[in-house]
2 protein chains.
Amino acid sequence: MEATAVTWAVLGLLSQRARSGYDIKNAVDRTIRHFWAASYGQIYPELKRLEAAGWIEGADAANGGRARREYRITAAGRQALADWLHGTETRIELRDESLLRLFFADRLPAEEALGLLRARREGYGAMLAYLRSLDDGSGTPDPPFVDLVYRWALDYCAWGIEWCDRQEQRLTSR
Amino acid sequence: MEATAVTWAVLGLLSQRARSGYDIKNAVDRTIRHFWAASYGQIYPELKRLEAAGWIEGADAANGGRARREYRITAAGRQALADWLHGTETRIELRDESLLRLFFADRLPAEEALGLLRARREGYGAMLAYLRSLDDGSGTPDPPFVDLVYRWALDYCAWGIEWCDRQEQRLTSR
DNA sequence: TAGTGCATGTAATGCGTTACATGATTTC
DNA sequence: GAAATCATGTAACGCATTACATGCACTA
């Protein structure tokens, strides 16, 4: 099947355990949203495509009297996921409006331009607070690479804050 | 007018000097593409919208016998740009397929999972090489904040490389 | 004279979000 | 009884890329 951007997020989450579309959306929001968002408008159609391809199987799972369709990954799905995981193409792409503002900040009086740098610092701080709020403190340790990606986000924010501080000092000390 | 994502990139570049659509595309690719891409399919329609709003003015600029339409920013346009620059809302968003792979790397044998970390490191290295290739070595110093954003990208890559090295050590030393 | 660069633009397509519609169940 | 949560889905819209169409001018 034709893999799109959302394919691997959904398939990967189903490789951890069987889930409903609703579960997947929650898992995305709790764990990978800060580097890979996905909405219902992508997830539900993708589940049907994945099922048609034979990479997952859906089954009606009674849940009280509440309708619920739970999907589990198939052997073919695991294979497809493994193939994707072996891909190494790594192009780093960002879309960062705060950087765009900074880029044009020479149009502003010096003090206001520095304000944009401080605002960026605050942005990193807010993301850090958000990331920490994701840690439910359950004490259950995550698998090593799940933990690794969480660390990446924390470390990235910490680095970003330091970077803004350093640059502000450099720019004001002249 | 209704500002979209590409509005500020185009208007900001025109605040530096008058340019054609073609010039704008080149400037985007040379200076801001790594954090804010834009294609012809966005730039040319946007120029018409900006002109209709009175934020820029186009004039046919003879260039040999070659047709060329050059746009310059108006006073209203400068004001609009300044208003946008004063916005401080800073949400950091990424879409990073390499992080998504790492997140699911627990599905792989340990050695292959570490390979993904190394591939990420290579990705940072490639971006660094690309960024350095953008420096034309003309010696003409950039305005402070243009330079600042360029430094950000360089520093981010350097940090990313160190981070991957550190994490690889941490994961192998157990 | 062939290739590269300058120059303008549009159409088709794809990706992704937002908003909406619907309704059952659980918790306070 | 109200509010939150579980649950599934679609339609409309907007943003962005890709591919294409066109043609002149300069340079090797």
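Below, chain A is the first sequence line, B the second, and so on; all start at residue 1. Nothing here was measured: the structure is a model prediction, and the numbers come from that model.
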Quickly work out the [X] [atom1] to [N] [atom2] distance and round it to whole Å.
| X | N | atom1 | atom2 | answer |
| --- | --- | --- | --- | --- |
| B:R69 | C:dT8 | CZ | P | 10 Å |
| B:E97 | C:dG16 | CD | C1' | 16 Å |
| A:I32 | C:dG16 | CD1 | P | 12 Å |
| B:K25 | C:dG9 | NZ | C1' | 14 Å |
| A:E46 | D:dG9 | CD | P | 14 Å |
| A:I43 | D:dA7 | CD1 | P | 14 Å |

Please check if the number of heavy atoms outside A:R170 that lie under 6.0 Å from its CZ is greater than 12. yes

Give me the one residue out of A:R68, A:R17, A:R72 that meets salt bridge (charged side-chain N to carboxylate O under 4.0 Å, His left out) with A:D23. A:R68

Could you check whether B:R19 gets within reach of a base, just the sugar-phosphate, or nothing at all, counting any heavy atom under 4.0 Å? nothing

Counting the atoms with a prime plus P, OP1 and OP2 as sugar-phosphate, which does A:S20 contact under 4.0 Å by heavy atoms, base, sugar-phosphate, or nothing? sugar-phosphate

Are any of [X]'s side-chain N or O atoms less than 4.0 Å away from OP1 or OP2 of [N]?
| X | N | value |
| --- | --- | --- |
| B:Q42 | D:dT17 | yes |
| A:Y44 | D:dT8 | yes |
| B:Y22 | C:dC6 | yes |

Closest listed nucleotide, where the reference is the side chain of B:K48 and the choices are C:dG9, D:dT8, C:dG16: C:dG9

B:T4, nearest nucleotide to its side chain (from D:dC15, D:dT17, C:dA7): D:dC15

Could you check whether A:E168 pairs with A:R118 (Lys NZ or Arg NE/NH1/NH2 to Asp/Glu carboxylate O, under 4.0 Å)? yes

Between A:Q169 and A:D165, do the side chains contain an N or O donor and an N or O acceptor separated by less than 3.5 Å? no

Taking atom types as modelled, is there a side-chain donor on A:W159 or B:E162 under 3.5 Å from an acceptor on the other? no

The answer to which of B:R95 and B:P45 contacts DNA chain C further toward the 5' end, by nearest nucleotide, is B:P45

